[in-house]
Amino acid sequence: MNDKVESQYKSTLNLPDTDFPMRGNLAKREPELLARWEQIGLYQKIREARAGRDPFILHDGPPYANGKIHIGHAVNKVLKDIIVKSQTLGGKDAPYIPGWDCHGLPIELKVEEKVGKVGAINAEGQVVSASEFRKHCREYAAEQVDGQRQDFKRLMVLGDWENPYLTMDFKFEANIIRTLGSIIDKGHLHKGFKPVNWCSDCGSALAEAEVEYQDKKSIAIDVKFTFPDSAAVLAAFAADAGHADKPVSIVIWTTTPWTLPANEAVSVHPTLDYSLVLLKEQNEILLLAADLVNDAMQRYGIETYEVLATAKGAAFGQLPEQQEAPFRVSHPFMPAGDAAATKQVPVITGDHVTADSGTGAVHTAPMHGVDDYNVSNTFGISSEQMLVDNQGNFIANPALQALELTGLSTRDKGNFRVLGILAEKGALLKKANITHSYPHCWRHKSPIIFRATPQWFISMKQAGLLEQAMHEVDNTIEWRPGWGKARIEGMMSDRPDWCISRQRTWGVPIALFVHKETSALHPDSAALIEKVALKVEEKGIDAWFELQAEELLGADAADYVKVNDTLDVWFDSGVTHTAVCKERAELQFPADLYLEGSDQHRGWFQSSLLTSVAAHGQAPYKTVLTHGFTVDANGRKMSKSLGNTVEPQEVMNKLGGDILRWWVADTDYSGEMTVSDEILKRNADAYRRVRNTCRFLLANINGFNAATDMVDGKDLLPLDAWIVSYTRELQQKVVGYYQDYDFKTLTKTLMNFCVTELGAFYLDVIKDRQYTCKADSLPRRSAQTALFHVLEAMARWIAPVLSFTAEEIWECLAAAGSEREESVMLSEWYTGFPETVSGEFDDAFWKDILAAKAAVNGVLEKARADKTIGASLSAEVELFASDNLKAQLDKLGNELRFVLITSGASVAGFDANAGEATELEGLRVAVVASDKAKCERCWHHSDDVGQNEQHPTLCGRCVENVEGSGEVRHYA
């Protein structure tokens with residue numbers, strides 16, 4: 001309309017105008033806003049504004065201080081920021097204290113690349129000391145924190161960025177040690193020699209959370225362990241004694257041949273059926289699980305065989321209550337000590353044995369498997385020596401040297417040598433290559449081994465920790481989505497003791513003194529731990545490693561040794577409930593919410609829960625919310641090698657942070673989150689729709705002063721009263737979506753409001769009176785009042801998601817003459833909605849009208865396509881409506897043509913033969929091109945155009961608006 005109006009009348013129109021630009025130019029302008037937020041100290045102002053209010057504590061799980069943030073980091077931080085900002089807008093005191101996890105192996109490896117390993121000679125020819133190495137680790141971690149902090153701030157995440165928590169802060173390190181002391185006091189710590197997840201590349205034990213499963217190609221073998229006394233075995237099975245001259249062997253199946261030198265037993269299940277199988281051509285007897293005989297024979301390629309007898313595993317396997325095993329078998333190749341005789345091992349029973357696959361008999365090496373260790377413990381079986389070193393190589397043991405195994409890696413050469421020995425001894429029945437899921441180190445992506453070493457453990461059972469933790473999971477914690485409860489229950493129900501010790505340099509020490517002979521803790525450990533913690537508060541972890549035992553123990557130092565193991569970094573991050581939530585005055589314990597990726601059910605959620613229950617007897621969180629992982633458009637995991645990564649820095653520099661934030665909110669985070677350049681472009685289009693809607697609203701309150709021009713709610717025109725009422729009701733839904741963390745529905749609701757109720761209806765309808773009525777007339781001021789209230793609400797609604805855009809709107813609203821907070825982030829959900837009078841023009845009425853308008857638009861579009869009309873204002877329509885709909889339409893009177901944006905509109909009773917059918921049942925529409933003259937100013941076709949001599953090209957309505965007191969818009 002604007003550029004086609006003759007200059008003499010253009011000045012009489014109320015044309016839209018705003019400083020709010022059409023293009024956000026987010027990549028350039030968002031940093032300017034961030035600088036302003038810092039300049040005014042926005043975060044602290046929010047804290048001051050909310051002081052004394054009900055708290056809401058979202059406790060930040062610490063990302064690891066290594067490398068640039070990736071798209072997963074962005075998802076996590078944006079979700080947290082949306083929640084914190086929405087809680088703040090809800091009037092809560094919702095501080096956000098970001099943190100970082102700073103110890104551990106990845107940082108050590110980076111530092112080793114720069115300065116070498118501890119004990120190595122550096123570039124200056126000096127030996128790298130442990131303290132110097134830790135100093136470099138601390139500096140490296142600080143650099144990583146600074147880099148990640150800038151990216152998180154660029155995402156417009158509000159928080160106390162100048163005072164984050166760092167697990168390497170001296171006070172934090174001291175509180176880690178204190179929390180360990182509390183856990184010891186409650187009786188949860190023990191030292192044990194048990195098989196643990198061991199990474200040969202790390203040279204250290206791994207926690208469960210540091211293990212991930214990947215497919216691995218392995219060699220699977222079937223191996224014979226032969227009974228020295230065939231007759232006794234046949235008797236146990238009540239089999240024909242005539243076969244006593246044939247060797248009888250129990251067959252095991254394993255995918256780790258390298259563990260056979262450590263074998264101490266063969267396990268069978270006490271209640272499974274086992275069969276003695278005569279191989280007629282080979283003239284020998286094999287003992288196999290009855291259900292697996294056929295599979296095994298096919299695997300061995302044996303067609304001629306006979307099942308001689310069947311018995312339960314208890315018939316030949318030792319039971320727990322027995323003093324000794326009834327049967328022993330010869331190890332395939334290991335000697336009996338220094339003697340030339342072959343080592344013999346017992347056949348024992350264990351509930352861990354199954355007949356799902358293999359042979360139903362399990363090779364048992366207590367040094368290399370948790371089940372093996374546990375069942376061996378039951379029968380008093382122990383191994384005298386670990387045969388594999390920290391790097392996964394066979395040690396220099398006389399027996400291993402004789403077998404030419406010493407120095408060989410368990411990953412490859414050691415495996416192949418064992419196969420060769422088995423073949424030489426005639427014990428190898430079958431060898432095959434298989435692919436199966438196998439545990440790998442999450443850092444090196446290399447297969448782990450199970451290796452028994454002296455380690456410190458938090459026991460799951462000795463003081464009832466696991467039972468208490470499971471009670472918290474089941475009774476006190478809300479899990480969102482609900483499947484999170486089943487997920488963590490499944491992971492914790494049978495979890496082993498937590499190995500918390502590591503043999504590393506850059507980590508918080510297990511600050512204990514143990515007796516040289518008994519390994520018992522010093523009786524004054526509690527007091528000693530506090531003394532150590534005070535020293536660490538002052539000097540950091542070096543205070544322990546440099547400590548001489550005499551300083552704290554005096555004469556006792558002769559009988560005690562200092563533990564130099566470090567704590568698992570999952571323990572560090574797991575005790576943030578104590579080191580952060582209980583320490584910082586603005587926080588509280590337990591926190592209201594923990595929010596991380598779904599992988600943290602086996603990581604931080606679990607380590608936090610266990611340490612909190614162990615130290616304080618309760619869970620550290622009230623609610624746990626999880627999000628999924630990011631994948632590409634084809635559902636593939638993000639990977640640099642695949643070239644499908646989406647870097648958040650690039651997105652912000654190209655599209656802007658608000659686009660990235662909208663994508664996060666608009667994606668169902670409960671499952672995999674699909675992202676690609678194309679998806680982000682679509683989100684940019686959606687963002688523009690929201691932005692342009694807000695721009696239209698702002699442009700049409702041009703000249704409106706809230707202090708002087710606001711129309712009282714009871715005086716608003718019916719359509720304006722409805723949109724105000726509708727917005728007020730919609731706000732309740734919006735707030736509810738935020739409270740339920742249902743951001744996908746939130747963005748859908750916002751988009752529908754912009755597209756449907758506003759864009760396709762209300763804003764379209766009010767254009768005429770906005771532009772053509774007198775500037776200070778009730779019809780215009782009524783619409784502007786409504787627009788103002790909608791803007792006040794929408795600025796707040798979008799603020800948690802589109803933080804920059806909301807702040808832009810806020811600044812424009814300030815120019816409309818209403819007093820307000822310095823930032824939208826300091827405000828609360830809008831409460832300024834006036835009381836309106838709906839009467840017969842209630843929500844149900846406007847829903848009917850909206851549906852009728854959509855139906856009429858469809859007929860108008862068809863008429864336009866058929867060249868029957870041009871623009872909709874060139875048309876006149878007659879509506880043939882059912883009784884109920886006609887009654888609603890009649891209420892509009894002359895206003896109906898403005899609602900339909902046509903130059904004429906009339907309503908008649910329904911006639912099935914009149915006009916054209918529409919999508920709305922009970923409504924048919926006839927469209928004709930108006931034969932009336934077109935008003936130059938408003939473009940309506942009217943029969944009173946030309947009746948005024950001074951303004952021959954204007955309609956009577958426009959003449960009144962230009963020279964008179966202004967038109968009065970009224971309904972029937």
Side-chain angles (χ1 to χ4, degrees), residues 64 101 103-106 108-109 189-216 218 254-256 258-259 262 352 362-377 383 386-393 409-411 414-415 436-461 466 488 490-504 507 510 565-574 599-607 610-611:
Y64 195 71
D101 198 357
H103 297 119
L105 183 62
E108 284 195 42
L109 296 176
L189 187 78
H190 75 93
K191 188 177 184 181
F193 189 75
K194 293 183 179 181
V196 295
N197 300 313
W198 187 274
C199 175
S200 301
D201 290 319
C202 297
S204 178
L206 301 181
E208 290 296 317
E210 295 173 305
V211 175
E212 60 186 23
Y213 284 80
Q214 301 175 14
D215 284 347
K216 175 182 181 291
S218 295
T254 182
T255 59
T256 53
W258 64 268
T259 61
H352 67 292
V362 176
H363 143 57
T364 303
M367 303 293 277
H368 296 295
V370 175
D371 286 334
D372 297 28
Y373 177 85
N374 290 336
V375 73
S376 296
N377 244 11
S383 182
M386 166 56 65
L387 302 180
V388 175
D389 64 18
N390 288 4
Q391 284 68 48
N393 301 323
S409 170
T410 57
R411 288 184 182 176
N415 246 352
H436 60 145
S437 180
Y438 190 85
H440 288 65
C441 171
W442 72 287
R443 299 184 186 95
H444 292 97
K445 311 304 178 187
S446 55
I448 66 165
I449 61 175
F450 290 93
R451 181 172 181 270
T453 57
Q455 302 288 347
W456 292 93
F457 296 85
I458 291 179
S459 171
M460 294 297 107
K461 294 182 179 179
L466 185 58
I488 198 165
M491 291 178 171
M492 290 181 61
S493 60
D494 59 352
R495 72 158 288 157
D497 292 346
W498 179 6
C499 178
I500 60 168
S501 50
R502 298 291 181 270
Q503 295 68 49
R504 307 305 309 173
I510 298 177
D565 285 351
T566 59
L567 280 164
D568 173 13
V569 291
W570 288 101
F571 189 94
D572 291 14
S573 61
D599 58 326
Q600 296 308 319
H601 285 106
R602 64 195 298 267
W604 190 59
F605 296 151
Q606 203 170 136
S607 65
L610 291 172
T611 53

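Computed over heavy atoms, backbone and side chain alike; hydrogens, waters and symmetry mates excluded.
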Which heavy atom in S446 sits nearest to a heavy atom in C199, and how many Å separate them?
OG-SG, 4.0 Å
Residues in salt bridge (Lys or Arg N to Asp or Glu O under 4.0 Å) with D565, at least two apart?
none
Any side-chain heavy-atom pair of M367 and L387 under 4.5 Å:
no
To check you understand the geometry: which heavy-atom pair defines the closest contact between V211 and P439, and what is its length?
CG1-CB, 3.4 Å
Not counting sequence neighbours, which residues clear salt bridge (Lys or Arg N to Asp or Glu O under 4.0 Å) with R495? List them please.
none
Sequence-distant partners of H601, side chain to side chain donor-acceptor pair (under 3.5 Å), two or more places apart
R487
For the residue pair N393 and S409, what are the closest heavy atoms and their distance?
OD1-CA, 3.3 Å
Which residues pass the ring-ring contact (aromatic ring centres under 6.0 Å, His included) test with H190, not counting sequence neighbours?
F457
Between CG on residue D101 and CH2 on residue W604, distance to nearest 0.5 Å
10.5 Å
Taking all non-hydrogen atoms of both residues, which atom of S501 and which atom of I510 are closest, and how far apart?
CB-CD1, 3.6 Å
Report the residues that fulfil side-chain contact (heavy atoms from CB on, under 4.5 Å) with T410, sequence neighbours left out, ordered by chain and then residue number.
W258, V388, F394, I449
All side-chain contact (heavy atoms from CB on, under 4.5 Å) counterparts of N374, not counting sequence neighbours:
V370
In Å and rounded to the nearest 0.5 Å, what is the CZ to SG distance from R502 to C202?
9.0 Å
CZ-CD distance between R504 and E108, expressed to the nearest 0.5 angstrom
4.5 Å
Closest non-hydrogen atoms of Y438 and P447, given as atom of the first, atom of the second and distance, are CE2-CB, 3.8 Å
F571: partners by side-chain contact (heavy atoms from CB on, under 4.5 Å), with sequence neighbours left out
I176, L180, I183, I458, W498, I500, L567, V575, T611
List the steps, then state whether side-chain contact (heavy atoms from CB on, under 4.5 Å) holds for W198 with I448.
CA-CA 6 Å; W198 187 274; I448 66 165; 6.0 Å; no
Nearest-0.5 Å distance that lies between atom CD in Q600 and atom OG in S607
8.0 Å
Hey, mind stepping through H440 and K216 against side-chain contact (heavy atoms from CB on, under 4.5 Å) and telling me if it holds?
CA-CA 9 Å; H440 288 65; K216 175 182 181 291; 4.0 Å; yes
D599: side-chain contact (heavy atoms from CB on, under 4.5 Å) partners, not counting sequence neighbours
F629
Given side chains that start at C-beta, do those of H352 and V375 come closer than 4.5 Å, heavy atoms only?
yes
Going through the checks in order, is the side-chain contact (heavy atoms from CB on, under 4.5 Å) test met by D497 and K461?
CA-CA 8 Å; D497 292 346; K461 294 182 179 179; 5.5 Å; no
Would D568 and Q455 count as a side-chain contact (heavy atoms from CB on, under 4.5 Å) if you check the C-alpha gap in whole Å, the side-chain angles of each, and the deciding distance to 0.1 Å?
CA-CA 11 Å; D568 173 13; Q455 302 288 347; over 6 Å; no
Between the SG atom in C441 and the CG atom in N197, the distance rounded to the nearest 0.5 Å is 10.0 Å
NE2 of H444 to CG of L105: how many Å apart, nearest 0.5 Å?
5.5 Å
Taken in chain and number order and not counting sequence neighbours, the residues that satisfy side chain to side chain donor-acceptor pair (under 3.5 Å) with D372 are none
Partner residues of H436 under the side chain to side chain donor-acceptor pair (under 3.5 Å) criterion, sequence neighbours left out
S218
Could you pull out all residues at least two apart from S459 that satisfy side chain to side chain donor-acceptor pair (under 3.5 Å)?
none
